[in-house]
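Remarks on the structure that follows.
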Amino acid sequence: MNNALITIQSLEKEFVVRRGFFPRPKKIIRAVDGIDFSINTGETFGLVGESGCGKSTTGRMLVRLMPPTSGKIYYQGEELTAKTEKQMLPLRRNLQMIFQNPHGSLNPRMSLEQILEEPLKIHRYPFSNRAKRIRELMDYVGLSQTSMDRYPAEFSGGQRQRIAIARALALDPKFIVADEAVSALDVSIQAQILNLLMDLQKELGLTYLFISHDLGVVNYISDRIGVMYLGKLVEVADCNTLYRRPLHPYTKILLASVPVADPNQTFKAMAWDTPEGDFPAPPAGCSFYNRCRERLDICSRQKPSLKEQAQGQSVACHLFNP
Ligand SMILES: Nc1ncnc2c1ncn2[C@@H]1O[C@H](COP(=O)(O)OP(=O)(O)OP(=O)(O)O)[C@@H](O)[C@H]1O
Ligand SMILES: [Mg+2]
């Protein structure tokens, strides 16, 4: 706990959705439904789960792009959720985000040099040092100095993601949320960007929250992994443990969908590790109830909470916490 750079407690986010033009009951979406975890300094914490489970919402709240409905976020022991926008300003430079689609997140009318200069301008980086800093950033991410005057459309997808990474690094951040940062790239380019992120982490002492729906990618880069399902964390473990001894039935399903390259892998995907039914989960019970092959009676009546099962492995499942 004392080595934690980021700690979140009972974090929740609700979206109120109004449907259509005519007055109808509002629908409340619990995108993040009370999650707790911490990320240690220098660590990569992977967040994995299927589309719509709340990964991006969690990432956005951590860098204060979006306020939580309730819960607390601490950065180096300071409560971010208690700060005003003005009090956040000096801290903002430490918390950065890289998005999935650099084509959308980079201004097409700005040259590479202008893109990298923008955060330096906003945070009043000394003018005389800006050109040197821009060259340094391009070196960090392996972009040629000759491409300074080119525009985003003139770069390949992988290079554009390098630009997005360089921009995120501009103000020397401590913590970066990478949201599906390689999901739009070819597999070979994905590996290059993942390796770049890992090299930068070592060189600059960065801490990452790495979000992806692809467990294979998350496993490659992460030290620990949190598995999310419908707004909740259902399992947290270090990478090796999660791969060798997944506990939550949903983690097993996710693993079953990852191609196995290692025939000696302890855990083997089995035919039954596939989703089962399509009926609603009981409101009072476990949200995974309707898809679970191992459900018990209690699962329809009581929500399981995340509890430590073994050293460094926590799971929210009645099979383990009856
Ligand atoms: N601004 C918003 N307004 C209303 N609902 C939202 C908003 N942002 C997200 N949601 C809803 O919250 C839930 C979680 O969304 P989120 O984008 O966090 O999921 P995700 O795990 O990142 O999914 P994906 O893998 O598709 O990126 C979804 O049901 C989504 O429709
Ligand atoms: Mg997302």
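We count ligands from 1, going down the list as the structure has it; atoms in each ligand are counted the same way.
When only non-hydrogen protein atoms are considered, atom 16 (P) of ligand 1 lies nearest to Thr57 OG1, 3.6 Å. Ranking protein heavy atoms by distance to atom 22 (O) of ligand 1, first place goes to Ser56 OG, 2.7 Å. Regarding atom 26 (O) of ligand 1, its nearest protein heavy-atom neighbour is Ser51 OG, 2.5 Å. Scanning all protein heavy atoms for the shortest distance to atom 3 (N) of ligand 1 gives Phe15 CD2, 3.5 Å. Of all protein heavy atoms, the one lying nearest to atom 25 (O) of ligand 1 is Lys55 NZ, 2.8 Å. Atom 31 (O) of ligand 1 has as its closest protein heavy atom Ile29 CD1, 4.7 Å.
Here 1 is the count of protein N, O or S atoms positioned under 2.8 Å from the Mg ion (ligand 2), waters not counted.
The side-chain tip of Lys13 points at the ring of Phe15 from less than 6.0 angstrom away and within 45° of straight on. For the pair Arg109 and Tyr151, the NZ or CZ position fails the cation-pi test of under 6.0 Å to the six-membered ring centre and within 45 degrees of the ring normal. A cation-pi arrangement is found for Arg295 relative to Tyr289, the charged atom lying closer than 6.0 Å to the ring centre and inside a 45° cone about the ring normal.
For the residue pair Ser314/Glu308, the side-chain donor-acceptor check at 3.5 Å is not satisfied. For Glu79 and Thr81, the side-chain atoms include at least one donor-acceptor pair closer than 3.5 Å. Remark: the Asp139 side chain and the Gln145 side chain contain an N/O donor-acceptor pair separated by less than 3.5 Å. Side chains of Thr44 and Gln201: a donor on one and an acceptor on the other come within 3.5 Å.
At a threshold of 4.0 Å, the pair Glu117-Arg135 does not count as salt-bridged, since none of the basic side-chain nitrogens sits closer than that to a carboxylate oxygen. Contact check on Arg133 versus Glu136 returns a salt bridge, with a Lys/Arg side-chain nitrogen under 4.0 Å from an Asp/Glu carboxylate oxygen.
Within ligand 1, the atoms closer than 4.0 Å to a non-hydrogen atom of Ala31 are 12 (O), 13 (C), 14 (C), numbered from 1 in the order shown.
Of the inter-residue distances, the one linking Lys252 atom NZ with Leu247 atom CG reads 7.5 Å to the nearest 0.5 angstrom.
On a distance-only criterion, Gly49 and ligand 1 share no N/O pair closer than 3.5 Å. Taking distance alone, with nitrogen or oxygen atoms compared against 3.5 Å, Arg60 stays at or beyond that limit from ligand 1. Of the N or O atoms in His213, none lie within a sub-3.5 Å distance of an N or O in ligand 1. Remark: ligand 1 and Gly52 share an N or O pair separated by less than 3.5 Å (distance only, no angle test).
Listed by chain and number, the residues in a side chain to side chain contact (heavy atoms under 4.5 Å, CB included) with Lys307 are Ser305, Asn321 (sequence neighbours excluded).
Protein heavy atoms come within 4.0 Å of atom 10 (N) of ligand 1. Closer than 4.0 Å to atom 28 (C) of ligand 1 lies at least one heavy atom of the protein.
Taking the six-membered ring where the residue is Trp, the centroids of Phe45 and Phe37 are separated by under 6.0 Å.
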